[in-house]
Colleague: 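Before we start, here is the structure in question, set down as structure tokens.
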Amino acid sequence: MAQKNHWSDWQPLPGWNPSSDVLRETLDGGQSFRWTPDAGTTANPAREIWTGTWSTHLVQVRPQPDGLAWRSPLPAAAPALHRYLGLDTDWSAHTDALPWRSDPHLARCLAAFPGLRLLRQPFGETLLGFLCSATKQIVQIKQMLALLAERHGPLVCRAGSPNPAKAAFGDAALQCHQLPTWSHLASIPEKDLRACQLGFRARYIAETAQFLAAHPGWLDETERLPYAAAKTRLIQLPGVGEKVADCVLLFGAGKLEAFPVDTWMLKSLARRYGLDGWKPAQVAHFGRTHFGPIAGLAQQYLFSWERKFGGR
DNA sequence: TGTCCACCTTT
DNA sequence: AAGGTGGAC
């Protein structure tokens, strides 16, 4: 039985001061599927606390009037969170470099989600998440990954609530399991994967796991390659096409030129840029040329705006 | 950068 | 219908 860990005190997180809405959009808007919101406590009634897990880390963050606060029951969380949230990146410079001066809709999207940013998640976990994503909505993808972690992932820690009135294994403990590694996934029968509500995606994950097991170092090498070469390699994996590869490179490798085209991007560019009837490959080409080398950041703003304000 | 549809399961 | 992919034409 693992020992029970205790949450640290809340600590300030300088460098990013998002509103509750922008924080939610960043953590739970489709980049990551491993954050869950917690209702406000007596000490913090109106605002949300987010609990998230990646790699061997477990962290909570919450918005405050003067900036973000975080805490964790585990050591080494601070540098990991710093990297995960992209605090080492000058996002305002990136945003300013986008063509918002000549693109009114982009300007409107930037204004609607001030401070929105791209996460830098572990590469392998990002691949797993987006292999689950085909024709599924965020809530369902989160459910699949939660089941995979709960049934097949190692326990990260046992973190009790510091509030004795709340159950020790309440909300804060829900995400306590790590995702299974690719080498462990390779040992899981496909039927057990299907039992995690993966459907036809179970075969993709099983076959990708077999490939990665047969090619040690392949994933790490891929992460270090430049965008185009890395994408060419990722697309060789079963279940990984253009869209999934771009998501993995954008959210899991910091390749800002990746421009994933999903149904929301098709809608956005059809409605706001007049690209009716354009195919995904054509829209991707438009995105790369129109938005430039940081097209992935523009994509995230357009995506968030279309989901929140675009309707249907 | 061709088009069509099966693939699992849930909302 | 849902934040795709792969195989068949």
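By convention in this document, chain letters (A, B, ...) are assigned in the order of the sequence lines, proteins followed by strands, and residues within each chain are numbered from 1.
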Colleague: Applying a 4.0 Å non-hydrogen cut-off, can you work out what A:Val240 is touching in the nucleic acid: base, sugar-phosphate, or nothing?
Modeller: sugar-phosphate
Colleague: Output the rounded distance in Å from CD1 (A:Ile205) to C1' (B:dT9).
Modeller: 14 Å
Colleague: Figure out the CD/P separation between A:Gln140 and C:dA2, and round it to whole Å.
Modeller: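 The distance from CD of A:Gln140 to P of C:dA2 comes to 11 Å, rounded to the nearest Å.
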Colleague: Between A:Arg203 and A:Phe251, which residue's closest nucleotide on DNA chain C lies nearer the 5′ terminus?
Modeller: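 It is A:Phe251, whose closest nucleotide lies nearer the 5' terminus.
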Colleague: What is the distance, to the nearest angstrom, from the NZ atom on A:Lys231 to the P atom on B:dT1?
Modeller: 14 Å
Colleague: When you compare the ring of A:Phe200 with the six-membered ring of B:dC8's base, are the centres less than 5.5 Å apart and the planes under 30° from each other?
Modeller: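 Check failed, A:Phe200 does not stack on base of B:dC8.
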Colleague: Would you call A:Glu306 and A:Arg271 a salt bridge, taking side-chain N to carboxylate O under 4.0 Å as the test?
Modeller: yes
Colleague: Looking at B:dC5, which nucleotide sits across from it as a Watson-Crick or G-U wobble partner, both distances under 3.5 angstrom, or is there none?
Modeller: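 Here B:dC5 is engaged in a pair, and the nucleotide opposite it is C:dG6.
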Colleague: In whole angstroms, how far is the C1' atom of C:dG6 from the CG atom of A:Leu237?
Modeller: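 To the nearest whole Å, that distance equals 14 Å.
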Colleague: Taking atom types as modelled, is there a side-chain donor on A:Arg62 or A:Gln64 under 3.5 Å from an acceptor on the other?
Modeller: yes
Colleague: Check the pair A:Thr135 / A:Arg201 against side-chain hydrogen bond (donor to acceptor under 3.5 Å, both in side chains), numbers first and verdict last.
Modeller: CA-CA 10 Å; A:Thr135 63; A:Arg201 302 153 199 84; 3.2 Å; yes
Colleague: Ignoring hydrogens and angles, answer whether the base of B:dC7 and the side-chain atoms of A:Arg201 contain a donor-acceptor pair closer than 3.5 Å.
Modeller: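 Side chain to base: no pair present.
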Colleague: Counting only side-chain nitrogens and oxygens, does A:Arg194 get under 4.0 Å of the OP1 or OP2 atom of B:dC8?
Modeller: yes
Colleague: Just checking A:Phe130: base, sugar-phosphate only, or nothing, at a heavy-atom cut-off of under 4.0 Å?
Modeller: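 Nothing, no heavy atom under 4.0 Å.
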Colleague: Taking atom P in both B:dT1 and C:dG7, compute the distance separating them and give it to the nearest angstrom.
Modeller: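 Approximately 23 Å lies between the P atom of B:dT1 and that of C:dG7.
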Colleague: Touch check for A:Pro260, heavy atoms < 4.0 angstrom, all strands: base, sugar-phosphate only, or nothing?
Modeller: nothing
Colleague: Just to be sure I understand the rule, does A:Gly29 reach a base, reach only the sugar-phosphate, or reach nothing, if contact means heavy atoms closer than 4.0 Å?
Modeller: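 Base: the residue A:Gly29, judged by heavy atoms under 4.0 Å, touches a nucleobase.
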Colleague: Tell me, with the steps shown, if A:Asp246 and A:Lys243 meet salt bridge (Lys or Arg N to Asp or Glu O under 4.0 Å).
Modeller: CA-CA 5 Å; A:Asp246 275 330; A:Lys243 190 270 180 184; over 6 Å; no
Colleague: Between B:dC8 and C:dA8, how far apart are the two P atoms, rounded to whole Å?
Modeller: 16 Å
Colleague: Using a cut-off of less than 4.0 Å, is there contact between a side-chain N or O of A:Gln137 and OP1 or OP2 of C:dG3?
Modeller: yes
Colleague: Atom CD of A:Glu242 to atom C1' of C:dG3: distance rounded to whole Å?
Modeller: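 It is 16 Å, rounded to the nearest whole Å.
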Colleague: Give the rounded distance in Å between these two atoms: CG of A:Leu131 and C1' of B:dC7.
Modeller: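 Spelled out: CG on A:Leu131 to C1' on B:dC7 is 15 Å.
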Colleague: Do A:Lys136 side-chain and B:dT9 base share a donor-acceptor contact under 3.5 Å?
Modeller: yes
Colleague: Which part of the nucleic acid does A:Thr135 contact within heavy-atom distance under 4.0 Å: base, sugar-phosphate only, or nothing?
Modeller: base
Colleague: Please report the distance separating the P of B:dT3 from the corresponding atom of C:dG3, rounded so that it comes out in whole Å.
Modeller: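 The same atom, P, in both gives a distance of 23 Å.
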Colleague: Starting from P on C:dA2, measure out to CD1 on A:Ile138 and report it in whole angstrom.
Modeller: 14 Å
Colleague: Once you apply a heavy-atom cut-off of 4.0 Å, does A:Gly30 come out as touching a base, just sugar-phosphate, or nothing?
Modeller: base
Colleague: Select from A:Gln236 and A:Gln299 the residue whose nearest nucleotide in DNA chain C is closer to the 5' end of that strand.
Modeller: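 Between the two, 5'-proximity favours A:Gln299.
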Colleague: Taking the side chain of A:Lys279 as its heavy atoms from C-beta onward, which of B:dT1, B:dT3, C:dA2 lies nearest to it?
Modeller: B:dT3
Colleague: If I take atom CG in residue A:Leu266 and atom P in nucleotide C:dG3, what distance separates them, rounded to the nearest angstrom?
Modeller: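 A:Leu266 atom CG is separated from C:dG3 atom P by 12 Å.
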Colleague: Between the side chains of A:His152 and A:Asp192, does any donor sit under 3.5 Å from an acceptor?
Modeller: no
Colleague: Flag yes if more than 12 heavy atoms outside A:His184 fall under 6.0 Å of its NE2 atom; otherwise flag no.
Modeller: yes
